[in-house]
Amino acid sequence: MIKPHRIFVGLFVITTMAIACHHKPDIIEPNPNGNGNIPDTIIVVNPDPCSPDTVYFQNTILPFVNSNCAMSGCHDSNGSGEADPYTTYSQIRSNRNDMLEEMQQGTMPPQSSGITLTADQITQFQLWIQQGAQNNSCQEDCDPTQGSFATNVAPIIETYCVGCHGSNSPSLENYAQISAAAADPSFMNSLHGINGSPIMPQNTTGLPDCQIQQIQNWIDAGRPNN
Ligand code: HEC
């Protein structure tokens with residue numbers, strides 16, 4: 001005959017096992033590749049380094065669209081005339097397929113803007129769509145002690161400035177133009193948004209500190225074409 005206290009011990013063991021076997025709730029971690037299902041307007045600050053296979057909205061697509069499409073009179077926040085505004089993630093996400101088609105057909109940006117997108121820029125936009133058009137970001141590998149023109153400065157200007165600064169003064173399309181513009185104090189003033197210069201890139205809160213420092217290093221070194 002089973003004694004009552006044995007039944008009690010048995011139940012205790014079974015209950016303990018049942019609790020131990022119960023699944024822990026899944027912890028939802030941010031996806032290191034930024035491919036998680038990220039809600040609309042939240043800017044994800046992802047501390048992970050950039051993966052060369054992923055196109056990131058915050059790092060590449062937004063600066064590209066800002067510089068090449070969202071200048072004043074075009075797809076800016078006022079949405080001038082017929083043009084849809086392309087200044088936020090939701091706006092760019094909803095219009096992404098039309099945007100890609102126009103870029104591929106060469107109808108946007110219009111010829112009159114003087115902007116010619118590179119094949120690589122269009123491919124990046126297409127890849128971003130194929131990867132789920134996420135509002136993703138990553139930590140760029142940036143060394144604040146560097147300041148080479150070709151490795152650091154030119155890519156920053158290409159990503160963040162050149163679309164607007166083909167037609168808007170100062171022109172920043174090649175070494176000679178960038179160097180001439182950077183000889184004027186208004187260049188660094190505009191990167192900091194100080195001394196009466198509007199903050200650049202326009203429509204943003206400015207470049208990351210490390211990129212500003214690299215440009216400063218290059219200017220301090222005498223703006224070499226290195
Ligand atoms: C969305 C378009 C846009 C982008 C992107 C942009 N600019 Fe500008 N920039 C302008 C416009 C428009 C002006 C004229 C603004 C004014 O005079 O109020 C201007 C003015 C300037 C000036 C003159 C400032 C002064 O004090 O007169 C400098 C220098 C400049 N930009 C540098 C840059 C650099 C460097 C970048 C990239 C890091 C950049 N801009 C990105 C549109 C843009």
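As the structure is a computational prediction, the values presented were derived from the model and not from experiment. Start at 1 and go down the list; that is how both ligands and their atoms are numbered. Residue numbers count from 1 along this sequence.
Inside a 4.0 Å radius of atom 27 (O) of ligand 1 there is not any protein heavy atom. Within a 4.0 Å radius of atom 7 (N) of ligand 1, the protein contributes one or more non-hydrogen atoms. Atom 14 (C) of ligand 1 is not flagged as protein-proximal [any protein heavy atom, distance under 4.0 Å].
A chain of hydrophobic side-chain contacts below 4.5 Å, direct or via other Ile, Leu, Val, Met, Phe, Trp or Tyr residues, connects L117 to I129.
Scanning all protein heavy atoms for the shortest distance to atom 5 (C) of ligand 1 gives Y160 O, 3.2 Å. Closest to atom 22 (C) of ligand 1, if we only count protein heavy atoms, is P170 CD, 3.7 Å.
Under 4.0 Å from ligand 1, not a single heavy atom of I156 appears.
Of all heavy-atom pairs spanning I212 and M188, the tightest one is CG2-CE, 3.7 Å. In plain terms, the two heavy atoms of M71 and C164 that are nearest each other are CB-SG, 3.7 Å.
On a distance-only criterion, S169 and ligand 1 share no N/O pair closer than 3.5 Å.
Partners of R223 under the side chain to side chain donor-acceptor pair (under 3.5 Å) rule, at least two apart in sequence or in another chain, are S179. Partners of N189 under the side chain to side chain donor-acceptor pair (under 3.5 Å) rule, at least two apart in sequence or in another chain, are N195.
Of the candidates R96, Q104, E102, L100 forms a side chain to side chain contact (heavy atoms under 4.5 Å, CB included) with just one, namely Q104.
Under the 2.5 Å SG-SG cutoff, C142 and C210 qualify as a close cysteine pair.
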Just distance, no hydrogens or angles: give the donor-acceptor pairs under 3.5 Å from side chains in residues 197-205, sequence neighbours left out.
| from | atom 1 | to | atom 2 | distance (Å) |
| --- | --- | --- | --- | --- |
| N203 | ND2 | N66 | OD1 | 2.7 |
| N203 | ND2 | A70 | O | 3.4 |
| T204 | OG1 | P201 | O | 2.6 |
| T204 | OG1 | G206 | N | 3.0 |

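For the residue pair D220 and Q216, a side-chain donor N or O sits within less than 3.5 Å of a side-chain acceptor on the partner.
Close approach of ligand 1 to F187 is summarised as follows: ligand atoms under 4.0 Å from at least one heavy atom of the residue are 29 (C), 35 (C). Taking every non-hydrogen atom of N203 and a distance limit under 4.0 Å, the qualifying atoms of ligand 1 come out as 1 (C). Remark: ligand 1 atoms within the under-4.0 Å shell around heavy atoms of S197 are 25 (C), 26 (O). Contact atoms of ligand 1 toward N66: 1 (C), 5 (C) (distance under 4.0 Å to a heavy atom of the residue).
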- [ ] Assess whether side-chain hydrogen bond (donor to acceptor under 3.5 Å, both in side chains) is satisfied between S186 and D184, documenting all intermediate values.
- [x] CA-CA 5 Å; S186 68; D184 193 289; 2.9 Å; yes
- [ ] Kindly determine whether Q213 and D209 satisfy side-chain hydrogen bond (donor to acceptor under 3.5 Å, both in side chains), including the steps that lead there.
- [x] CA-CA 6 Å; Q213 188 57 51; D209 289 346; over 6 Å; no
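Note on ligand 1: L191 sits in its first shell, one or more heavy atoms being nearer than 4.0 Å.
Listed by chain and residue number, the protein N/O/S atoms under 2.8 Å of atom 8 (Fe) of ligand 1 are H165 NE2, M200 SD, with waters left out.
Residue-environment remark: CD (Q111) stays at or below the threshold of 12 foreign heavy atoms within 6.0 Å.
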